[in-house]
Amino acid sequence: MTALTTGLDRLLADRARRLAGRSYALLAHGASVTADLVPAHLALARSEAGPPALLVGPEHGFYGVEQDMVAARSTTDPWTGAPIASLYGDSAASLRPDPAVFAGIEVLVVDLQDVGSRYYTYAATAVWAAEAALAAGLEVWILDRPNPLGGELVEGGTVRPGFESFVGAFAMPVRHGLTLGELVRMEARRRRLPEGLTVWRMEGWERRQLWEETGRPWIAPSPNMPTAATAALYPGGCLVEATTLSEGRGTTRPFQLVGAPGVDPVLVARRLAERLAAASAGEPGVAGVPTYFRPGYQKHAEERCGGVELVVTDRADLRPYRLGVLLLAAFAEAAPEAFGWRDEPYEFVVDRPAIDLLTGSEACRRALETGAGLEDWIESWRADEEAFRDERRANLLYPEAGTPPGEDSAFGPGQPGVA
């Protein structure tokens, strides 16, 4: 296996001098580390680039210590002395940088470890920050990293007009199979962003590779993403956030443990197994083990919950988004007294249910409420998946199996560059 070199590693290896003498900002977090596990801002500060003039943190903060939907405050980095600007405050306006934050900055460097799901918010932050920086006249460098779910499979429907949000910022399936660099490149083309964006590609990564095949240790990119196995289930597990069920926050296995007080674990596990068997042509790649657990906080904190532990048996067969939808259906059928929809605001949106924002339309919610049409909705993903595959092909930096690498020049003058 060829050793993986990320965009950050490549920048530090021989091109950090391109930042020497320039004022630059770094949008990063705790998983932004070198191959030797040195945090990006410290590695850059020790290089020819010198210390960043500004650090920028996404949701959960620059150090990844805040829980979901908790505002991260602006502060100062104790190691470099650089100010830290937060892109996750107490309002939707805080999610997009005020152009004034880039005063005196020449380059915005973005190094974020994404997890390959449309609603994981770092991708939206990267695109919106790049958009604001380019509009302010900065160069933007995206330092690419692997998609932990691999880059081949695409799964799910797209976001319908009127359902856009921080967790639905892009018209693409939930499991998109893009690296962050490819995703930003695609959105730059869609949005016709001005010249100045460059993606620093990886070396040694292939689209077929899952995280376990990269040879890199996993560092949690957010507080409830402790392992690569969590990321593998997240495209479906995140849907539980939109319900009255606990998604296992405050346990060692968030998004793998799902349940609520009073639920019969055996009945839910049986219903889930039946639905998976009916929906799968072969093995489903996952099992729901009946269990009890006690969430540490948020929904049903410190209460004993009955439910299931999701155990991946075969990553190749796993379709995590479909799993999440069928999991909700199993709970709705087996534990209707415990299953319901979240009614609190979700990512600053108050006029649409969280489940509609995550799935991109009303279709999933309506099907689960009426008990009809769920299979038809799942089947409708196929058209969205195929259309997206056709569109994304021109934006890929790493070739699909059996095809030659794409030509960077295909973007033409003024389009995103590749380093």
Side-chain angles (χ1 to χ4, degrees), residues 3-20 22-67 72-88 97 101 105 107-115 120-123 125-126 129-130 133 140-148 179-181 199-205 211 214-228 230-231 419:
L4 172 70
T5 303
T6 66
L8 173 64
D9 296 328
R10 291 189 57 237
L11 174 62
L12 289 166
D14 59 7
R15 302 193 185 185
R17 62 183 180 276
R18 290 178 55 177
L19 285 174
R22 306 183 73 185
S23 178
Y24 71 95
L26 175 65
L27 169 55
H29 57 175
S32 308
V33 298
T34 68
D36 296 326
L37 303 182
V38 178
H41 68 303
L42 300 184
L44 285 166
R46 298 167 187 168
S47 74
E48 294 177 84
L54 174 69
L55 299 175
V56 185
E59 184 177 8
H60 309 294
F62 187 81
Y63 307 109
V65 299
E66 305 298 347
Q67 292 298 325
R73 64 185 181 88
S74 297
T75 182
T76 301
D77 176 54
W79 294 299
T80 63
I84 301 176
S86 171
L87 288 183
Y88 195 88
V101 78
I105 302 294
V107 184
L108 171 64
V109 180
V110 180
D111 185 23
L112 295 170
Q113 178 60 63
D114 192 34
V115 301
Y120 200 62
T121 60
Y122 294 157
T125 294
V140 176
W141 297 358
I142 308 294
L143 309 184
D144 214 5
R145 289 184 175 271
N147 183 327
T179 67
L180 184 65
V199 178
W200 292 67
R201 75 167 91 213
M202 297 177 283
E203 293 178 350
W205 186 75
W211 183 268
T214 66
R216 305 283 288 226
W218 180 263
I219 296 178
S222 57
N224 288 286
M225 198 61 63
T227 68
T230 315

Criterion side-chain contact (heavy atoms from CB on, under 4.5 Å) against W200, the qualifying member of V109, L143, V110: L143

Within 45° cone and under 6.0 Å: R18 NZ/CZ vs W141 ring: yes

Short N-O contact, D111 and R145, less than 4.0 angstrom: yes

Close side-chain approach of Q113 to P146, heavy-atom, < 4.5 Å: yes

Student check: side-chain heavy atoms of P39 and W79 closer than 4.5 Å: no

Check against side-chain contact (heavy atoms from CB on, under 4.5 Å), W205 and D144: CA-CA 11 Å; W205 186 75; D144 214 5; over 6 Å; no

Pairs meeting criterion salt bridge (charged side-chain N to carboxylate O under 4.0 Å, His left out) with involvement of residues 22-34, two or more places apart: R22-E106, R22-E139

Within-4.5 Å side-chain heavy-atom neighbours: E66 and R73: no

Listed once per pair and sorted, the side-chain hydrogen bond (donor to acceptor under 3.5 Å, both in side chains) pairs that draw on residues 24-40, sequence neighbours left out: none

Over all atoms of both residues, closest heavy-atom pair of V101 and A85: CG2-CB, 3.8 Å

Test side-chain contact (heavy atoms from CB on, under 4.5 Å) applied to T179 and D114, step by step: CA-CA 8 Å; T179 67; D114 192 34; over 6 Å; no

Ring geometry between H60 and Y122 (parallel below 30°, tilted from 30 to 60°, perpendicular above 60°): perpendicular

Y88 and T121: CA distance, side-chain angles, deciding distance, side chain to side chain donor-acceptor pair (under 3.5 Å) verdict: CA-CA 10 Å; Y88 195 88; T121 60; over 6 Å; no

